[in-house]
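Step one of this worksheet: look at the structure below.
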Amino acid sequence: MANKPSIPKGTRDFSPTEMLRRKYIFSTIEKVFQKYGFLPLETPAMENLETLTGKYGEEGDRLIFKILNSGDAWGGVSEEVKKGLATGEVAPGKFASAVSEKALRYDLTVPFARYVVQHQNEIAFPFKRYQIQPVWRADRPQKGRYREFYQCDADVIGSTSLLNEVELVQLFDDVFSALGLHVVVKINDRKVLSGIAEVSGQPEKVVDIVTAIDKLDKIGREKVEEEMRAKGVSDEAIKGIAPLFDLKGSWSEQRPLLEKWLSSSPMAQQGLKDLSFTFEAVGALKSAKLEYDPTLARGLDYYTGAIFEVKAAEGTMPGSICGGGRYDDLTGIFGLKNMSGVGISFGADRIYDVLLETNKFPTELGGSTKLLFANFGEAEAMHCLKLLRTVREAGIAAELYPDQVKMAKQFKYADDKGIAYVAIIGENELIQGIVTVKDMKTGEQKAVKQDELISAIA
RNA sequence: GUGGAUGUAGCUCAGUUGGUUAGAGCGCCGGAUUGUGAUUCCGGAGGUCGCCGGUUCAAGCCCGGUCCUCCACCCCA
């Protein structure tokens with residue numbers, strides 16, 4: 001089986017059953033996005049390489065899929081680079097940019113920022129857009145981690161109002177109510193985290209402190225402190241951060257402690273004020289629980305204000321199923337200053353896994369045939385064709401078995417495809433003007449008049 | 001990118017210290033039943049043992065390489 005076809009590492013086929021479920025997730029999210037006033041946007045699968053490089057950090061650059069220039073890519077390489085490659089003076093990474101000027105998109109946020117800058121004069125701000133498209137990463141695949149996967153993003157750009165944060169929390173709640181899943185929405189504010197770094201005496205170490213704290217629930221307090229020490233955070237500063245680990249309870253319980261502890265940092269005070277506003281304004285939620293998580297940090301360093309993460313309250317999925325946050329200067333790298341935005345992203349693949357595990361997918365997902373006409377031969381089939389039309393006009397998904405084969409095979413087809421009813425019109429039924437309808441679930445069979453067919457299977 | 005495990009039929013897996021013709025269950029196809037699926041009975045097809053090389057009289061089994069999948073790390077959705 002050496003010639004057995006296959007697909008690239010980390011990519012997947014989606015079977016019809018999987019696609020019906022995926023579309024159910026996507027369309028649920030999309031409907032809610034639209035209900036909140038977000039408009040659809042699509043950008044190309046590939047961007048200019050220079051649009052993407054340098055936006056995701058050093059690690060990120062390595063994970064960008066680059067596209068080889070068409071034509072004679074090698075011919076476009078300068079003699080200098082060719083020589084350098086041979087001697088090892090030119091790194092392979094440098095060579096890549098010599099033969100590649102396009103790359104597959106790595107996320108939806110950077111192409112969105114590019115779009116906003118490029119079309120700034122046509123856009124009405126605040127601009128609310130959603131985008132549901134695949135992205136590609138040259139990462140090593142693992143369970144729940146692929147080289148091609150979908151992101152479902154919604155962002156508001158050009159507004160600093162905290163009402164946006166409030167609405168996004170409500171949007172999370174709406175989506176997971178529609179999907180019937182209980183979740184915990186965790187929230188924090190980067191300003192508070194910066195304040196903690198400030199109070200500890202090493203404000204320049206925010207990023208290192210934050211990424212270490214982010215791992216708290218995974219590796220424990222000791223290892224977090226160890227990592228901070230390894231990154232050059234002083235023992236004194238680590239001591240200064242210590243109160244964070246003892247924080248417990250609800251937001252209203254934690255808030256006074258934080259205010260006291262971080263009283264010397266105006267930035268932290270602002271963050272706490274913002275969080276309070278969000279907690280108050282969000283109001284009652286249906287399926288989600290909003291929780292303050294002082295250790296929620298999120299890796300991406302472009303976040304500047306609120307940060308979100310959603311975890312399933314059911315099932316065994318350990319990681320987050322959604323994320324998001326506010327960024328003050330996403331478009332600055334493309335030359336448009338003072339554009340604050342806040343956005344969220346749904347991890348469709350992980351949501352799929354959770355819904356499957358917890359058995360939350362509706363049993364009947366639109367798209368599957370409800371009624372199959374068995375094929376008894378040319379005359380009967382022609383007759384069925386007419387009935388088929390009226391059934392379909394009534395909005396019922398129906399099909400006629402195209403070949404005249406033995407009944408067992410046709411029934412098996414209906415069974416395999418999960419079709420609820422089979423209409424049998426053989427010689428007898430044709431003469432009498434009736435239809436024998438079989439319920440595939442119960443196995444019951446009854447004869448009805450032709451014009452009663454629709455009500456018989458409704 | 002680092003470290004580890006795995007790969008045998010469409011799927012899930014057996015396969016003895018290296019020894020003739022590599023097995024099972026499920027699925028698939030045909031028949032029992034020329035107007036009835038899911039249940040029953042009978043029969044059948046399907047494998048270059050991931051790929052390449054090495055050791056050996058002899059390799060699914062031992063050795064090396066390579067690819068895939070999985071796990072941990074890094075990072076992330």
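Values below: all heavy atoms of this structure, side chains included; hydrogens, waters and symmetry mates excluded.
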When you look at R12(A) and D349(A), which way does the salt bridge (Lys or Arg N to Asp or Glu O under 4.0 Å) test go after all the steps?
CA-CA 11 Å; R12(A) 295 158 295 166; D349(A) 294 289; 2.8 Å; yes
Evaluate side-chain hydrogen bond (donor to acceptor under 3.5 Å, both in side chains) for E429(A) paired with T436(A), printing each intermediate quantity in order.
CA-CA 7 Å; E429(A) 286 88 351; T436(A) 300; 2.7 Å; yes
Quick one, K128(A) with E167(A), criterion salt bridge (Lys or Arg N to Asp or Glu O under 4.0 Å). Give me CA distance, side-chain angles, the key distance, then yes/no.
CA-CA 12 Å; K128(A) 300 171 79 169; E167(A) 284 212 298; 3.7 Å; yes
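Nucleotide U36(B): unpaired (no Watson-Crick or G-U wobble partner with both distances less than 3.5 Å). Under the Watson-Crick and G-U wobble criteria, each requiring two contacts below 3.5 Å, nucleotide G25(B) is paired to C11(B). Under the Watson-Crick or G-U wobble criterion, with both distances below 3.5 Å, U56(B) is left unpaired in every strand shown. Summarising the base pairing, U2(B) is matched to A72(B) through a Watson-Crick or G-U wobble pair whose two defining distances lie under 3.5 Å.
A5(B) and G50(B) have their C1' atoms separated by 16 Å, with the value rounded to a whole Å. Look at the C1' atom in both C26(B) and A77(B): the space between them is 35 Å, to the nearest Å. Taking atom P on both nucleotides, G31(B) is separated from C68(B) by 43 Å, rounded to a whole Å. Nucleotides C67(B) and A72(B) place their P atoms 22 Å apart, quoted to the nearest Å. Atom name P, nucleotides G7(B) and C71(B): the rounded distance is 16 Å, in whole Å. The C1' atoms of C73(B) and C13(B) are separated by 31 Å, rounded to the nearest whole Å. Here the separation of U16(B) from U6(B), taken at their P atoms, is 15 Å to the nearest Å. Using atom P as the reference point in both C51(B) and C61(B), the two lie 11 Å apart (nearest Å).
Taking the six-membered ring for Trp and the full ring otherwise, Y106(A) and Y56(A) have centroids separated by under 6.0 Å. Under the 6.0 Å cut-off for aromatic ring centres, F346(A) and F33(A) qualify, their centroids lying closer than that. Between F65(A) and W136(A), the gap from one ring centroid to the other reaches at least 6.0 Å.
For R140(A), counting side-chain heavy atoms from C-beta on, the closest listed nucleotide (A77(B), G1(B), C75(B)) is G1(B). Residue K215(A) places its side chain closer to C74(B) than to any other of C76(B), C74(B), A72(B).
Rounded to an integer number of Å, the gap from CD of Q142(A) to P of G1(B) is 14 Å. To the nearest angstrom, C1' of U69(B) lies 15 Å from CG of D13(A). A straight line from CG of L296(A) to P of C76(B) spans 13 Å, rounded to a whole angstrom. Atom CG in D139(A) sits roughly 13 Å away from atom C1' in U2(B) (whole-Å rounding). Protein atom CD1 of I321(A) is 14 Å distant from nucleotide atom P of A77(B), rounded to whole Å. Look at NZ on K311(A): it is 13 Å from P on A77(B), rounded to the nearest Å. Regarding Y302(A), its OH atom lies at a distance of 14 Å from the C1' atom of C75(B), rounded to whole Å. As rounded to whole Å, 17 Å separates atom P of G1(B) from atom CZ of R137(A).
Y327(A) and Y302(A) have perpendicular rings, their planes meeting at more than 60° on a 0 to 90° scale where under 30° would count as parallel.
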Taking distance alone, no hydrogens or angles, what donor-acceptor pairs closer than 3.5 Å link side-chain atoms of residues 371-380 of chain A to residues at least two apart or in another chain?
residue: N375(A); atom: OD1; partner: G377(A); partner atom: N; Å: 2.9
residue: N375(A); atom: ND2; partner: Y401(A); partner atom: O; Å: 2.9
residue: N375(A); atom: ND2; partner: P402(A); partner atom: O; Å: 3.4

What string of B, S and - do you get for nucleotides 29-39 of chain B, 5' to 3', when a contact is any protein heavy atom under 4.0 Å?
S-S---BBBS-
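At the heavy-atom level, G10(A) lies under 4.0 Å from the strands shown only through sugar-phosphate atoms. Heavy atoms of F346(A) sit nowhere under 4.0 angstrom from any nucleic acid atom.
Within 6.0 Å of CD on E222(A) lie no more than 12 heavy atoms contributed by other residues, nucleotides or ligands.
Using a 4.0 Å cut-off on heavy atoms, none of the residues of residues 378-389 of chain A approach RNA chain B.
In this model, a side-chain donor or acceptor of R145(A) finds a partner on the base of C75(B) within 3.5 Å.
Rounding to the nearest 0.5 Å places CD1 of I351(A) at 5.0 Å from CD1 of I321(A).
Heavy-atom nearest nucleotides on RNA chain B were determined for I7(A) and for L63(A), and the one closer to the 5' end corresponds to I7(A).
A salt bridge does not link K449(A) to D451(A): none of the charged side-chain nitrogens sits closer than 4.0 Å to a carboxylate oxygen.
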